[in-house]
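Notes follow once the structure below has been shown.
Just so it is clear, the values below take in all heavy atoms, side chains as well, and ignore hydrogens, waters and symmetry mates. Lettering follows sequence order; numbering is per chain, from 1.
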There are 2 protein chains.
Amino acid sequence: MAKQITEMLKGTLEGIVLGVLANRSAYGYEITTWLRDQGFTDIAEGTVYALLVRIEQRGLVAVEKVPSEKGPPRKVYSLSDSGREHLAEFWRTWSFLAERIEQLHEGRG
Amino acid sequence: MAKQITEMLKGTLEGIVLGVLANRSAYGYEITTWLRDQGFTDIAEGTVYALLVRIEQRGLVAVEKVPSEKGPPRKVYSLSDSGREHLAEFWRTWSFLAERIEQLHEGRG
DNA sequence: ACCGGTACATAGTGACACGGAGTACCGGTT
DNA sequence: AACCGGTACTCCGTGTCACTATGTACCGGT
């Protein structure tokens with residue numbers, strides 16, 4: 001699972017994170033841990049934080065600072081309306097791409 | 001707003017092209033036309049040519065120059081053994097990613 | 001002579017994941 | 001008190017990739 005996943009995550013990681021936030025609010029460290037548990041073992045911590053900053057600046061998420069008993073305060077992100085729309089668009093784009101790739105995979109290319 | 005597809009194609013477009021070449025040899029212009037027919041209307045011609053140069057330099061494809069009746073000579077690409085391996089790895093990586101994203105989509109995130 | 005379709009090439013730009021390092025807060029061990 | 005590991009976030013530099021824009025060149029038909 002070498003370098004191919006790195007390039008594939010471009011564009012999809014944002015959708016994944018938005019998808020997670022669609023289910024429940026979460027903070028960066030939590031999301032990183034969740035991704036690792038899902039098998040994305042190579043995802044860099046910095047990558048997730050940078051992504052969160054980006055989607056916050058675009059207004060796709062709202063942030064709330066919440067104190068933690070175990071360390072520095074957490075930045076808890078939740079999906080905004082704009083983020084929900086963006087996520088819907090992501091699913092449409094993803095479906096389009098996945099459909100065609102699956103066709104190729106099944107040899108009907 | 002098909003800017004999402006631009007980022008999503010990073011990493012996947014290479015796999016798509018390799019997938020096409022797994023079925024039959026093809027040249028750049030032909031591949032571009034095929035992609036457009038498949039619905040990838042925004043794929044730039046230059047993108048495909050640049051990709052082909054890249055995978056040729058990595059030894060994933062072999063090239064043969066073939067004269068055309070309608071224009072300049074075509075560069076016909078065919079998959080090498082190394083390319084076939086790379087494609088297999090692509091399918092593994094893709095399946096891994098697609099599986100997790102589909103789970104998210106179905107709300108089991 | 002011109003135009004449109006065929007066919008390939010490439011320099012510059014922007015977006016994004018990654019590697020690596022750093023800051024800070026906390027509880028438990030020594 | 002000093003140290004360490006887990007928690008939690010930040011930032012800079014790098015490489016890769018698709019896109020934009022443009023250019024070259026070959027060909028047949030008008």
What is the per-nucleotide protein-contact pattern of nucleotides 22-30 of chain D, from the 5' end, where B denotes a base atom under 4.0 Å from a protein heavy atom, S denotes such proximity for sugar-phosphate atoms only, and - denotes neither? ---BBS---

Nucleotide of [options] approaching [X] most closely (side-chain heavy atoms):
X: Glu14(B); options: dA8(D), dG19(C), dC17(D); answer: dC17(D)
X: Tyr49(B); options: dA8(D), dC19(D), dA7(C); answer: dA7(C)
X: Thr47(B); options: dC17(D), dA15(C), dA18(D); answer: dA18(D)
X: Thr6(A); options: dC18(C), dC17(D), dC19(D); answer: dC18(C)

Considering every strand shown, what is the Watson-Crick or G-U wobble mate of dA17(C) when both distances are under 3.5 Å?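 Its partner is dT14(D).
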
May I have the distance from [X] (atom [atom1]) to [N] (atom [atom2]), rounded to whole angstrom?
X: Glu56(B); N: dC8(C); atom1: CD; atom2: P; answer: 12 Å
X: Leu51(B); N: dA9(C); atom1: CG; atom2: C1'; answer: 14 Å
X: Leu35(A); N: dC18(C); atom1: CG; atom2: P; answer: 10 Å
X: Leu52(B); N: dT10(C); atom1: CG; atom2: P; answer: 13 Å
X: Ile31(B); N: dA18(D); atom1: CD1; atom2: P; answer: 13 Å
X: Glu30(A); N: dG6(D); atom1: CD; atom2: P; answer: 19 Å
X: Arg74(B); N: dC8(C); atom1: CZ; atom2: P; answer: 8 Å
X: Asp42(B); N: dA21(D); atom1: CG; atom2: C1'; answer: 16 Å

How long is the straight-line distance from CD of Glu7(B) back to OG1 of Thr12(B), given to the nearest 0.5 Å?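 Thr12(B) atom OG1 to Glu7(B) atom CD measures 10.5 Å (nearest 0.5 Å).
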
Near Asp37(B) CG, under 6.0 Å, is it more than 12 heavy atoms from other residues, nucleotides or ligands?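 Counting other residues, nucleotides and ligands, CG of Asp37(B) exceeds 12 neighbours.
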
At under 4.0 Å, does any side-chain N or O of [X] touch on OP1 or OP2 of [N]?
X: Tyr27(A); N: dC9(D); value: no
X: Tyr29(A); N: dC9(D); value: no
X: Arg54(A); N: dC16(C); value: yes

What's Leu13(A) touching, base or sugar-phosphate or nothing? Going by heavy atoms closer than 4.0 Å. sugar-phosphate

Does any donor atom in the side chain of Trp94(A) or Glu102(B) lie under 3.5 Å from an acceptor atom in the other side chain? yes

Residue from Leu18(B), Leu60(B), Val61(B) passing side chain to side chain contact (heavy atoms under 4.5 Å, CB included) with Tyr77(B): Val61(B)

pair Phe40(B)-Phe96(A): side-chain heavy atoms closer than 4.5 Å: yes

Nearest nucleotide by nearest heavy atom, which residue falls closer to the 5' end of DNA chain D, Lys10(A) or Val53(A)? Val53(A)

For Pro73(A) and Lys65(A), which heavy atoms make the closest approach, and how far apart are they? CB-CG, 4.1 Å

Of all heavy-atom pairs linking His86(B) and Gln4(A), the shortest is O-NE2, 3.4 Å

Under 4.0 Å between a side-chain nitrogen and a carboxylate oxygen: does that hold for Glu89(A) and Arg84(A)?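 No, no charged N to carboxylate O under 4.0 Å.
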
Mapping Ala50(A) and Lys75(B) to their closest nucleotides on DNA chain C, which lands nearer the 5' end?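 Its nearest nucleotide lies further toward 5', so the answer is Lys75(B).
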
